Structure formats: C-alpha cells, structure tokens
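The block underneath contains the structure these notes are about, expressed in structure tokens.
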Amino acid sequence: MAAAVTSPAPAVVWAFAAAACVKLLLIPTYRSTDFDVHRYWLALTHALPARRWYTDASSQWTLDYPPFFAYFSRLLALPAPLVDASLVSLPVPDAPPSFAYLLYLRLTVAFSDLLLLVSVLLLATGAHRRRRPFLALALVLWSPALLAVDHVHFQYNGFLLGLLLLSLHFLEQGRDLAGGVVFAALLCSKHLFLVAVPVYFVYLFRHYCCGRGVVRGLGRLVLMGSGVASVFAAAFVPFLYYGQMQQLFNRMFPFGRGLCHAYWAPNFWVFYITLDKILAFLLRRLGFNIQIPEASFTGGLVGNSSPFAVLPKVTPITTFLLVILAMSPCLMKALSKPQPRHIIRWVSYATTCGFMFGWHVHEKAALHFTIPLALIAMDSLEDTKHYFVLSIVSCYSLFPLLFENQEYPIKVLLLLTYATLMWVGFSSHYAANFAQQEKKVNGSDIIIKKNSFVGWISCSYLLGIVAIELWSQVFHHYVFGNRLPFLPLMLVSLYCGVGMMYSWMWQLAWIVRHT
C-alpha cells in the first residue's frame, strides 16, 4: 500500500495530460515545411509500394529517413482516408490543408508522444531502484523546446526520444540486450542518433560481454549481435532485395549539403565561421586580396560547399574525427568502468559532442541531449545549475524556427513558464534538503552553507539573452534598416553557442572527475 501511495505514476500521467492540453491549443499555429514533408511521406508510404519509397521524386520532399520511420508513416496513414482522402493521395494537393487534415496530422504527433510517457514512467525508478523526483520527470514532458519543435514547427521527436529513453531505461536496469535492441530500432528510425553508437558499443561490449569468461562472453556477443542484426535486417533487407541500398544511403547521408544548416546551430562551427569572416575582413582592410565567398552573414550558409575565405575548408571526415576525439574521454570511462548509473550521462555527452562538432547539424538536435539530461538534473546541485542554464539557452536557440509574429508570444510564454517552473521547483527542493541537513547537525559546530543553484555569472549570462532579443526584435531595425538581415540570427547563434560550449565542457569535466 505504501508503494502505491508513493508511486509517481499518477502525477506523471497528470503532467502528460496537462502537456496534451497545451498541444491541443497549439494545433492552429504556424507550421514549417516539415509539415509538408511528413504530409507527403504519409501519402507516399500509403499510395506507393515499398520498392518505390526511396526512388520516387515526384515531390521535393523526398523520403530521407531510415525504413522504420517509413513504416511508422505507413502506420499513421492507415486510418487517414477515414478523415480526409486527400491525406494519402498523390500528388499531394497544392491547396492548403483542410482543418480535418491539419487536425489529423497534429494529433498523430500528440498520439506518438505516448511512447515518451511510457518511457518516463519506466524511468521514474532509476539505477539501484532509486526513485527520481517528480520534477525531473515533468521537465521532460513539459520541455518548451520539444513542444515548440514538435507541436508548432512539426516533427515527431517525442516518439523518437521515447525510444531513446526506453533504451536508456533498460540499460539502467541492467537489461543490456533489450537496451541494445531498442537502440538499434531507434537507429533504423532516425539515423542522426548514430553519434551515440560509440558509447553504446563500448558500454555494451564491456558491461554485457566482458568479464564473464571467454565462452559465456562470446555467447553474449553473438546474442547481442544477432539481436541488433535482426533489427537492421527487418529495416533494410527489403530495400537490399529491391537493389536500392545506394539510393537509400544517398538520401540518408547527403554530405553535399554543407557544414552548416541555413540557420547556424549554436555549436563550435559558428565560432569557426565567424572567425573566418573577421579575418577576411581585417586582411582585406590591410590590403590583402581575399576572395569573399558568395555565402555570407547576410545569406547564411546553404549549398554544396563550406565557403571559407581564410581558414581551411572543413570536410565531413574532419568533423567525424573531431566528434570521436571529443568523445574519447567518455569512451575510456565506459571501457574501464562501465556503470549503469552513468549511462544517461555518457549517452547525453556523446550526443552533445555530435551537436558541437558534427556535420550539417540542425539546431533541433539539441533535444537529443537536453531531454535525457533533464532526468538527472536533480542528481546534485551542480547538475541542477548546469541544466537550468542549458535548458534555457537551448530553448532560446530555437526561437528563430518560429519566426512569425503570431507565434512570438507563444514561444516566449513557453520558455518563461518553464524557467519559472524550474526556479520554483529547484528552490523548493534544495530549501527542503537544506532544512533536513540543518536538523541533522543541530546542536553541533558543523556549519552548512546554503547554496543557490544560479550563480552571478550564470544569471548575468541569462540576462544577456534579454539584450540579444531586444536587439533582434527592436534595435536592429532602427540601426540597420533592411541591411544585414542575417545579423540577428548570427548573434543568437553566437551567444547561445557560448552556453552550449559551456555545457559541453561542464559535461566533459564531470565525466572525467566523477565517473
């Protein structure tokens, strides 16, 4: 009976229901071209046989996700004709979608979030049967970044992150085989999670296969390999049979898109690009003949190359090596002392490395580490300080995605509400802990220092976001008029890049010192 009373499940379900109400309110909001992408994929997978999914080019929104996501789209398309026959007709109509059309697609995203709810409920109990605070679980379900990207901009990250968290749950509980198989299913749904493969491989090899004798270890290696291979076979063998593997991989890995996305993700490369532009400007002023590439601050970096005027050109292999190099301390820790209680932190750090140093990184990829890190945000005061800053910065870095005026109050309100929730929740949590500690040492000479989870440096940096936003929304227009339209986006990327670099370095230092 006591266990039932203390179970966090009812509170977590309530938090999910509250988030679902917000999602319903967001149905009529702006939607990006990703809406058109998934709209086409539903029609494609329903109207055409599988052998044509990766060869059809009747639309610019060609299918470029792995097969499991195509199967997922096919599943979502099954009841679609009952709502609106045009949902699954090819070619996709050029006319704006009807309300029923829009409602159906929006609800598929909300419905797929049920997997995220299941994963969060399972993760309510962490490694060694340690119960996680309700607030840490609510931070996942109420993430303003996830709400903005999935339920305004339009994607299915909640479903994919649900798979990731489900895999992490199994690994935390010591169920390595299940964790590996679920992660394989995730890779066959969205290949951008490949950046976590090194950590998964090292951890599973060391924790699941080694230290159990040669025969048993080999047996476990074969079992894990068979499980993972079976998942990949289910995904890719049909397309291997159709002779489409080359086409499929060309769709999944379009390296010709260039180093950066149209909006520069706040990572290491934004500083590299900015330095190149500054050096080019200074050298030209000094009389050097420096050729300025066509892509610039005013046009972003879009195309089939990475235009640098002074610094060396960056290639995909360079970014790959940097990611592995940045990840190597974590890999050594996982190899030398694999511990289930650290797996969330290690995988989050691996995806952070991919975000910071990867090729053609989308700003939305920050969800791959901010969501898992929410689960351990209250493991220590230092974790809380780090997550408070990271979550606000990562959410603010997504503001340019919702660029229409009618969505501006929504994104600001989502971020402010979440920041207030964290402030009140974290303050109450540590105030209660401080009171308990005072009771334990009452009457002794021990002095306990009450800590704040936001220092003056962090507070000053977060207030700087207000200054950046005021410049972008108000002062830039009065100073430059219609000139330098890319400058506000560049400032957001650079300023948020500082916070992201801090997060990467903080995670690295924590892993080196404490795992």
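Since we're looking at a predicted model, the values are computed, not measured.
Between the Gln173 side chain and the Leu122 main chain, no donor and acceptor come within less than 3.5 Å of each other. Distance alone, capped at 3.5 Å, is enough to place a donor-acceptor pair between the Lys411 side chain and the Phe399 backbone. Under the 3.5 Å distance criterion, the side-chain polar atoms of Trp346 are left unmatched by any main-chain donor or acceptor of Ala334. Judged purely by atom type and a 3.5 angstrom limit, Lys333 uses its side chain to pair as donor or acceptor with the backbone of Val512. Proximity of a side-chain donor or acceptor of Arg131 to a complementary backbone N or O of Ala124 within less than 3.5 Å is not detected. Here the side chain of Thr384 pairs a donor or acceptor atom with the backbone of Ser380 at under 3.5 angstrom. Judged by distance alone, the side chain of Ser458 and the main-chain N or O of Gly455 form no donor-acceptor pair under 3.5 Å. With hydrogens and angles disregarded, a donor-acceptor distance shorter than 3.5 Å links the side chain of Arg132 to the backbone of Leu375. At distances below 3.5 Å, not a single donor-acceptor pair connects side-chain atoms of Thr319 with backbone N or O atoms of Gly358.
Phe183 is listed as a side-chain neighbour of Leu187, based on a closest heavy-atom distance under 4.5 Å. Proximity of Phe201 to Leu331: side-chain heavy atoms (C-beta onward) are nowhere separated by under 4.5 Å. Counting only heavy atoms from C-beta outward, the side chains of Ser112 and Phe72 approach each other to under 4.5 Å. At a threshold of 4.5 Å between non-hydrogen side-chain atoms, the residues Arg341 and Glu172 do not count as touching. Proximity of Gln507 to His386: side-chain heavy atoms (C-beta onward) are separated by under 4.5 Å at one or more points. By the 4.5 Å heavy-atom criterion applied to side chains, Gln339 and Thr515 are not counted as neighbours. Between Leu373 and Asp383, every side-chain heavy-atom pair lies at or beyond the 4.5 Å cut-off. Within the 4.5 Å cutoff, the side chain of Leu325 has no heavy atoms near those of the Leu321 side chain.
Contacts of Asp379 classified as salt bridge (Lys or Arg N to Asp or Glu O under 4.0 Å), with partners at least two apart in sequence or in another chain: Arg130. Under the ring pair (Phe, Tyr, Trp, His ring centres under 6.0 Å) criterion, Tyr65 pairs with Trp41, Phe69, sequence neighbours left out. The ring pair (Phe, Tyr, Trp, His ring centres under 6.0 Å) test applied to Phe154 returns Phe35, His38, Tyr156, not counting sequence neighbours. In terms of the side chain to side chain donor-acceptor pair (under 3.5 Å) criterion, residue partners of Ser167 (sequence neighbours excluded) are, by chain and number, Tyr200. A search for ring pair (Phe, Tyr, Trp, His ring centres under 6.0 Å) contacts involving His362 returns His261, His360, not counting sequence neighbours. Applying the side chain to side chain donor-acceptor pair (under 3.5 Å) rule to His151 yields the partners Asp113; only residues at least two apart in sequence or on another chain are considered. Residues meeting the side chain to side chain donor-acceptor pair (under 3.5 Å) test with Tyr387, sequence neighbours left out: Tyr418. With sequence neighbours left out, the ring pair (Phe, Tyr, Trp, His ring centres under 6.0 Å) criterion links His207 to Tyr203. Asp150 meets the side chain to side chain donor-acceptor pair (under 3.5 Å) test with Asn157; sequence neighbours excluded. Remark: Asp34 engages no residue in a salt bridge (Lys or Arg N to Asp or Glu O under 4.0 Å) (not counting sequence neighbours).
Centroid-to-centroid, the aromatic rings of Phe355 and Phe369 come within less than 6.0 Å. Under the 6.0 Å cut-off for aromatic ring centres, Trp504 and Phe357 qualify, their centroids lying closer than that. For Tyr272 and Trp269, the ring centers sit closer than 6.0 Å to each other.
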Check: Please walk me through it: do Val393 and Cys496 pass side chain to side chain contact (heavy atoms under 4.5 Å, CB included)?
Finding: CA-CA 6 Å; Val393 171; Cys496 293; 3.8 Å; yes
Next item on the list: Go through the steps for Met500 and Asn267 under the test side chain to side chain contact (heavy atoms under 4.5 Å, CB included), then give the verdict.
Entry: CA-CA 7 Å; Met500 292 297 192; Asn267 58 14; over 6 Å; no
Note to self: Under the criterion side-chain hydrogen bond (donor to acceptor under 3.5 Å, both in side chains), I'd like the reasoning laid out for Thr315 against Thr318: C-alpha separation, chi angles, the key distance, then a yes or no.
What the structure shows: CA-CA 5 Å; Thr315 62; Thr318 303; 2.9 Å; yes
Could you tabulate the donor-acceptor pairs under 3.5 Å formed by side-chain atoms of residues 244-254, not counting sequence neighbours?
unit_1 : atom_1 : unit_2 : atom_2 : d
Gln244 : NE2    : Arg51  : O      : 2.1
Gln246 : NE2    : Asn250 : OD1    : 3.2
Gln247 : NE2    : Tyr54  : O      : 3.0
Asn250 : ND2    : Gln246 : O      : 3.2
Arg251 : NH1    : Leu63  : O      : 3.0
Arg251 : NH2    : Tyr54  : O      : 3.2
Arg251 : NH2    : Asp56  : O      : 3.1

Pairs of donor and acceptor atoms involving the side chains of residues 219-239, under 3.5 Å and at least two apart or interchain, shall be tabulated with distances.
unit_1 : atom_1 : unit_2 : atom_2 : d
Arg220 : NH1    : Tyr208 : O      : 3.3
Ser226 : OG     : Val222 : O      : 2.7
Ser230 : OG     : Ser226 : O      : 2.7

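Shown are Tyr396, Tyr461, Trp264; of these, the ring pair (Phe, Tyr, Trp, His ring centres under 6.0 Å) with Tyr495 is made only by Tyr461.
For the residue pair Ser397 / Ser394, no side-chain donor-acceptor distance below 3.5 Å is found, with atom types taken as modelled. Checking Ser32 against His153 by side-chain atom types alone, a donor-acceptor pair falls below 3.5 Å.
For the atom pair CG (Leu165) and CG (Leu160), the distance works out to 11.0 Å, reported to the nearest 0.5 Å.
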